[in-house]
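Quick notes on the structure that follows.
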Amino acid sequence: MLLLTFSDIGLIVTLVIIAAGLGLILKLALKGKEIDRRIIFIFIFFSVASPIIFQIKFSEKATAVVKSIYDKIDNLPEGSKILISFDFDPAMAPEVQPMAIVLGRHALIKGHEVVFMSLWTTGQSLLTEIINEYILPDFPEKQEFIDYVTLGFKAGNEGVLKVIATDFKKMFPVDNNGRPLDSIPIFDGVKSCSDFDLVISIGGGKPGPKEWILFVTDPSNIPMAVGVAAVIAPQMYPYYPAQVLGIMGGVKGAAEYESEFIGNYERFKDMKTPGLLTMGPQTLAHTVIMAFIIIGNIIYFRKRKKEAKS
Amino acid sequence: MRKSSLMVLATVATLFIVSWIFKGIALEDIYESNYLQGFLLTFSAFLTLSIMSFLYKDNPFYKFSEHLFVGVSAAYAMVVGFWTTIVGNLVPRLSESLSNFFQIPYQEGTYNFFYYLPVIFGLMLLMRLSKKHGWMSRIPLAFIIGTTAGLNFIGYLRSDFTNQIAATFIPLLGAAGEWKGIGDFFSNLSLSAGGQLVMMLSNWVIFLGVFCGLIYFFFSREHTGLFGKASRVGIWILMITFGASFGYTVMGRISLLVGRITFLFKDWLGIIS
Amino acid sequence: MRIKYSFLLALFLLLIPFSALIFGQDGAAASGETESADSLALTLPAPVTNLKAINTPNDHGHSFTVTWDISADDGGGLKNVLFYRVMRSDNPDSSFKQRGENKLPRGASTYQDNGSKRKESDDFSADFTDFYYRIDAITIDSNVFSSSGIYGPVQSKGEWYNTGRTPVLVAVIIFLILTMIFVALAKKGADLYIRPLAGIEAVDDAIGRATEMGKPILYILGLGGADQIATIASFTILSRVAKQVAEYQTKLIVPCYDPIVMTVAQDIVKSSFMDAGRVDDYKEESVYFVTQSQFAYVAAVNGTMLRELPATNMYMGKFYAESLILAETGALAGSIQISGTDEIAQIPFFVVACDYTLIGEELYAASAYLGKEPILLGSLKGQDMAKAAIIVLMIIGVVTANIGGETLENFRELFKVIN
């Protein structure tokens, strides 16, 4: 017998309602009735809200641009040094926070030494929240200063990058808690960003991934990966694969990484996957938007035909 | 104030208080200051809904939230700017007594007197407020523009120019620059993403895209004949790029909406776990 | 008693490197595969060979680059080399110290020894001072290792010119020469052709339409400061629009985001009215300052659009997140819209919501086309030539890429910029 889960029933109900609604709109539109824009808003709201309530998930498969980041972290020898910069604010967080969480988990489970920092003022509180509430509870064995360290926010935008590209401790004499970097084991042998085996910038504004490429990783040939808000993802592609080894574009990139990660690590099989969960509403909302584009075009061409006749 | 407006205001206020009380009670086991947390959560939800109400039409709730946001973010940026740039970066290099005053470690250095320059420049920038001495602000401004241009110059030319040109040197025949003849090509034909055919096609797209895009932005010749055709292809490629960009933007905006709705359903209403 | 023991120990330690030289290779040859790992570890490995240390090129000094060929027992032979240690001293005979906090893993054959430039630092490495290097190949027991011969003396120094950036210099010089030639030609009055742009052709029609309808023209200079190229290009276009507006006696509205931009815009509009011989028609309040808060500015401009219902909206300059909000409101108000920006992320929004869009560089081209300024014209021509050069390089590059191998590598090398 076919067993339907709660999500499946939700999906079916949602699809039926949306299809019926769209059909009705198409019928009204063909009759020549103006469709109020607020109707579109209601559809989008419904198609986003319903998958959230029913926790509808679709499967994802990592594409080459995302897989290359995953493989890089997976294949680095244990104890490699990774620098992750959280260059975003709460407004961008729903898109890029899932990337930050899954990257942090992956780097720690592989036994790498991770340094977290931020170039955005508002990144500081997000940094603390993400590390303390999402990443560390899964790794009680990891010790601060030995396995990871939080440098926090540093003002100066590109200026900070320009300096840390050659002299890390000049810009960050102390960590987030005021502890001198010279006394932190992770920074043994770290003089500049060149001493990291991988640099990852997660963000989407300025300063962000682009500035990291221009001022730090491209000049010194440091392996660089970026996780960016969807809006600027197309602007990152020219750097791939020569100047960045991989790109996670928007929540789709995050979802792909998550699915790769939970697929390979039994321990995290049941972890929360905000990226994958966001892809449910995304898929439905995109379908609705596409339907509206098609309806709009049908109406437009019919109108044009009529005008041409008259 | 009209009667209908008063009624809307009263309804919103009542809902707000009800939500505050319910949230306060619900959070009793989690927080010590449960009513404060309840207020904060309710207020966040109120602001979210106020902003969303703009989709219906412009209204005072939306305006209130917008102005609150503008004001708070301006103040936040100013305070953080003071504590991170002036206190965080400048003071520890400027003077020991000032560092002690702000309780941050003094950073000793041989050339610390250089850091008085930014102080002077900063003061000169503030001269912009005076009508008579406003000209002084131009000097540090020139310094800022000049140094930023110089700093960016190398970076952009390297990463966005020479390296990008070098990245277009891609083989158009064969995937990795080895063309083993047409027979080999057809006998090993595959449609997989890593296959020779797909790699070759994507290389062609990159080459033609850059080529025709450059032609489109060539202003010294009229776009007619073959040149015009290449330029047409160029604008098509640009439009496809803009379309991709637009699609990505839609995805980004939906993600933000998901973030807000999740907040409303999970943190505020508690209907999902 | 104690001195005697110390002496013996020192002698023993000194003998280790020699014993490596004497017994190392024989031991390696004699060792069979049956030997256990423990005994292997105690056998001295072959030292590294071909050790070289040079001053790191293209830096600020205080750094050496050390290279060597790995020990014969690293990965092959006895396979007992696990680490390398880079040792340095300012005296060839004694007091060698390990450089770097950690030993290098096996397989390593290069090390960049960066010292500090600060005198007060423990790690200070003076320029123009003789240093000597030695590499130790270390087994599982860090006391069992064999040292290489000593290399030196070498001195570090900083360089004034970074040869790694030569491609950038060459590109700049070529571009500069091209621009200067064309600017000179333009100044001499040479007729430099610039193709017409659809967006600019539409400006004339749009102004005509506004005049017929008796409605105003709204001109937005964007959010950029007066120093930004997009804003400067926008000024030139504004000057042309204002002149035509003065001739047709149409109303012009220019709400500004930046006070400095506003001052410049007022001057420009005024002089355009003067050129058109209608200085009396110029009203200073038509160019006004709104606010420097992004969304408050948008709200104010949107309000103006809905109240005044301009026949034409023009958005030229630097735009950010407000682009779509402005253009959408304008489209709802039924205005003809012409836009132009160099902010790539915002172009898609303008393309969908406006009738004409000047894409990126077209904005600069439009200002050169309208303004006929020799400097603008010359630099535009220079850029065109640079683009032609890029196309040629691309074609050569693609051909070499198909040849592959050394030809491609050599050609790519020309574009390689090293820090």
Side-chain angles (χ1 to χ4, degrees), chain A residues 37-38 41 44-45 48-49 51-53 55 63-64 90-97 121-122 124 153-156 158-159 162 171 173-174 178 180 204 210-211 213-215 218-219 229-235 237-239 241-243 249-252 274 277-278 280-282 285-286 289, chain B residues 52 55-57 73 76-77 79-81 83-90 92 104-105 107 109 147-148 151-152 154-156 158-160 163-164 166-167 193-194 206 210 241-266 271-273:
Chain A
R37 52 170 46 214
R38 284 172 278 209
F41 297 150
I44 297 288
F45 183 85
V48 169
I52 295 177
I53 293 172
Q55 305 272 308
T63 46
M92 219 189 293
E95 272 193 273
V96 292
Q97 187 166 318
T121 42
T122 38
Q124 169 99 33
F153 160 72
K154 196 77 191 169
E158 295 98 316
K162 198 79 191 158
M171 209 69 222
V174 292
K210 189 180 168 94
E211 282 66 34
I213 299 170
L214 290 188
F215 295 105
D218 203 20
V231 182
I232 62 150
Q235 290 170 52
Y237 273 86
Y239 298 117
Q243 289 148 291
V251 79
K252 166 100 169 102
L277 269 180
T278 312
Q282 287 284 358
H286 288 196
I289 291 169
Chain B
M52 282 181 174
L55 293 174
Y56 181 68
K57 70 178 199 192
S73 48
Y76 181 76
V79 171
V80 170
W83 284 100
T84 56
T85 311
I86 295 181
V87 177
N89 284 350
L90 185 65
I104 40 170
Q107 284 172 35
T147 44
T148 327
L151 276 177
N152 286 341
I154 302 272
Y156 275 87
R158 173 185 45 228
S159 303
D160 283 4
N163 282 353
Q164 291 290 327
I206 291 174
V210 178
T241 317
F242 294 150
S245 196
F246 214 93
Y248 260 118
T249 307
V250 169
M251 183 170 93
R253 300 296 184 248
I254 300 272
S255 304
L256 301 187
L257 181 63
V258 171
R260 283 340 288 162
I261 294 182
T262 310
F263 163 76
L264 289 178
F265 285 177
K266 194 172 130 193
I271 49 177
I272 53 168
S273 56

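Sequence lines set the chain letters: A, B, ... in the order given, protein chains first and strands last, and positions in each chain run from 1. Scope of the values below: all heavy atoms of this structure, side chains included, with no hydrogens, waters or symmetry mates.
Distance check, rounded to the nearest 0.5 Å: CD1 of A/Ile213 to CG of B/Asn163 gives 11.0 Å. Residue B/Leu257 holds its CG atom at 9.5 Å from CD of A/Gln282, rounded to the nearest 0.5 Å. Atoms CE and CD1, on B/Met251 and A/Ile289 in that order, are 12.0 Å from each other to the nearest 0.5 Å.
Proximity to chain A (any heavy atom under 4.5 Å) is restricted, for B/Tyr76, to the side chain, taken from C-beta onward. Within the 4.5 angstrom heavy-atom criterion, no atom of A/Thr63 approaches chain B. With a 4.5 angstrom heavy-atom cutoff, A/Ala64 does not touch chain B via any of its atoms. Contact annotation for A/Ala49: both backbone and side-chain heavy atoms come within less than 4.5 Å of a heavy atom of chain B. Both the backbone and the side chain of B/Leu151 come within contact range of chain A, each with at least one heavy atom under 4.5 Å from a heavy atom of that chain. For chain A, the nearby part of B/Arg253 is the side chain; its heavy atoms alone come within less than 4.5 Å. Proximity to chain A (any heavy atom under 4.5 Å) is restricted, for B/Ile272, to the side chain, taken from C-beta onward. Of the two parts of A/Gln243, only the side chain, counted from C-beta on, holds a non-hydrogen atom closer than 4.5 Å to a non-hydrogen atom of chain B. For A/Gln55, the part lying under 4.5 angstrom from a heavy atom of chain B is the side chain only. Residue A/Ile232 does not touch chain B at all, counting heavy-atom pairs closer than 4.5 Å. Contact annotation for A/Pro238: both backbone and side-chain heavy atoms come within less than 4.5 Å of a heavy atom of chain B.
Here the closest non-hydrogen pair linking B/Ser255 and A/Pro94 is O-CB, 3.6 Å. The shortest heavy-atom contact between B/Ser245 and A/Pro234 is CA-CG, 3.7 Å. Here the closest non-hydrogen pair linking A/Ala155 and B/Thr85 is CB-OG1, 3.5 Å. Listed here is the closest heavy atom pair of A/Tyr239 and B/Gln164: CD2-NE2, 3.5 Å. Scanning all heavy atoms of the two residues, the minimum distance from B/Phe265 to A/Ile52 falls at CD1-CG2, 4.2 Å.
Under the side-chain hydrogen bond (donor to acceptor under 3.5 Å, both in side chains) criterion, A/Glu158 pairs with no residue at all, not counting sequence neighbours. Among residues two or more places apart in sequence or in another chain, the side chain to side chain contact (heavy atoms under 4.5 Å, CB included) test is passed with B/Tyr156 by A/Lys210, A/Leu214, B/Asn152, B/Asp160.
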Query raised in the report: Under the side chain to side chain contact (heavy atoms under 4.5 Å, CB included) criterion, do A/Leu277 and B/Thr262 qualify, and how do the steps go?
Result: CA-CA 10 Å; A/Leu277 269 180; B/Thr262 310; over 6 Å; no
Query raised in the report: For A/Thr278 and B/Ile254, what are the C-alpha separation, side-chain angles and deciding distance, and is it a side chain to side chain contact (heavy atoms under 4.5 Å, CB included)?
Result: CA-CA 9 Å; A/Thr278 312; B/Ile254 300 272; over 6 Å; no
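Between B/Leu55 and A/Arg37, the closest side-chain pair of non-hydrogen atoms is not below 4.5 Å. You'll find the side chain of A/Val251 stays beyond 4.5 Å of the side chain of B/Val258, heavy atoms only. Residues A/Met92 and B/Leu256 form no side-chain contact, since every pair of their non-hydrogen atoms from C-beta on lies 4.5 Å or further apart.
Taking the six-membered ring where tryptophan is involved, the planes of B/Tyr248 and A/Tyr237 are tilted, since the angle between them lies from 30° to 60°.
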